[in-house]
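These notes concern the structure reproduced below.
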Amino acid sequence: MAIADDLKKTLTDPTPLYFAAGTADLAVQQARKVPGLIEQLRAEAPARIEAVKNTDPKAVQEKAKEKAKEAQEAVTATVAEVFGAIDAKKLGETAQDLALRGVGVAAEYAVKAKEAYDKVAEHGEQTVRAWRGEVSEEIVDIAVVVEPEAAEPVAEPAAEPAPKKAPARKAAAKKAAAEPADQS
């Protein structure tokens, strides 16, 4: 029974479909940027090609040698430091510490992945609603806050007698309106 319930829940959950719709919509948004990027590259290409033509190959080779030498020195110093500080007990503690950090990092990435998935699925849900022409729930909520009377169903006034307290309210309103005028 639990398997059937899980299967039913999995097959009726629209989140993966919303995720796919959101991914497609984001891909379309990014694809719309491509023509502008191509134009930018086309405009910048002659200057870049000219800069490469004017570059001295020997200067580039010297820079590469210097960077490689610096990297080699840094690696050698780091390796010497690591091997100099090796202690069997510390090595075990370090391995355990690294393993725990790895688990923590994996859990953090899992949470971030779930958040990103939910964000894209929410975007997809909004996209599907836009495709269908449905009004967003957020817009409806805002409309209810801004115009609460219009959001509630308005009933036609029946031919009932008016409540007896209405004249008293009008009299109180007139009295309140008259008081500030008297104080002036």
Side-chain angles (χ1 to χ4, degrees), residues 1-45 48 71 74-75 78-79 81-83 85-166 168-170 173:
M1 201 71 167
I3 294 173
D5 291 340
D6 288 344
L7 195 60
K8 181 179 178 183
K9 181 180 175 187
T10 301
L11 294 175
T12 57
D13 184 20
T15 305
L17 298 175
Y18 288 145
F19 178 78
T23 303
D25 186 55
L26 291 173
V28 167
Q29 289 176 6
Q30 294 301 318
R32 288 182 181 150
K33 296 178 183 178
V34 170
L37 293 173
I38 290 173
E39 288 300 318
Q40 180 183 358
L41 288 174
R42 187 178 292 157
E44 294 174 359
R48 289 185 180 195
V75 168
T78 304
V79 168
E81 182 182 325
V82 168
F83 283 128
I86 289 184
D87 182 13
K89 187 175 183 180
K90 285 185 181 179
L91 188 61
E93 291 173 359
T94 303
Q96 185 178 11
D97 185 46
L98 289 175
L100 289 174
R101 285 185 190 176
V103 169
V105 169
E108 180 181 345
Y109 283 143
V111 168
K112 286 182 180 179
K114 175 67 173 145
E115 289 172 355
Y117 176 81
D118 290 342
K119 186 177 178 182
V120 172
E122 183 178 324
H123 178 78
E125 184 176 0
Q126 296 300 323
T127 301
V128 168
R129 286 187 178 164
W131 291 342
R132 291 180 179 169
E134 296 176 8
V135 177
S136 172
E137 290 177 5
E138 296 169 355
I139 294 173
V140 172
D141 292 343
I142 292 170
V144 168
V145 171
V146 173
E147 299 178 15
E149 295 85 26
E152 297 173 4
V154 178
E156 292 295 322
E160 297 178 15
K164 294 179 181 178
K165 294 183 180 179
R169 286 185 188 163
K170 288 181 182 177

Side chains of residues 101-115: which donor-acceptor pairs under 3.5 Å do they make with residues two or more places apart or in other chains?
from: Arg101; atom 1: NE; to: Asp97; atom 2: OD2; distance (Å): 3.3
from: Arg101; atom 1: NH2; to: Asp97; atom 2: OD2; distance (Å): 3.1
from: Glu108; atom 1: OE2; to: Lys112; atom 2: NZ; distance (Å): 3.2
from: Lys114; atom 1: NZ; to: Asp118; atom 2: OD1; distance (Å): 3.0

Pairwise distance CG(Asp6) to NZ(Lys8) - rounded to 0.5 angstrom: 12.0 Å
Gap between atom CG of Leu98 and atom CD of Glu93 - 0.5 Å precision: 12.0 Å
Whether over 12 other heavy atoms sit under 6.0 Å from Gln96 CD: no
Atom pair CZ (Arg48) and CG (Leu41), whose distance is rounded to the nearest 0.5 Å: 6.5 Å
Heavy-atom check, side chain of Leu26 versus side chain of Gln30, under 4.5 Å: no
Inter-residue atom distance Thr15.OG1 - Glu125.CD, 0.5 Å rounding: 7.5 Å
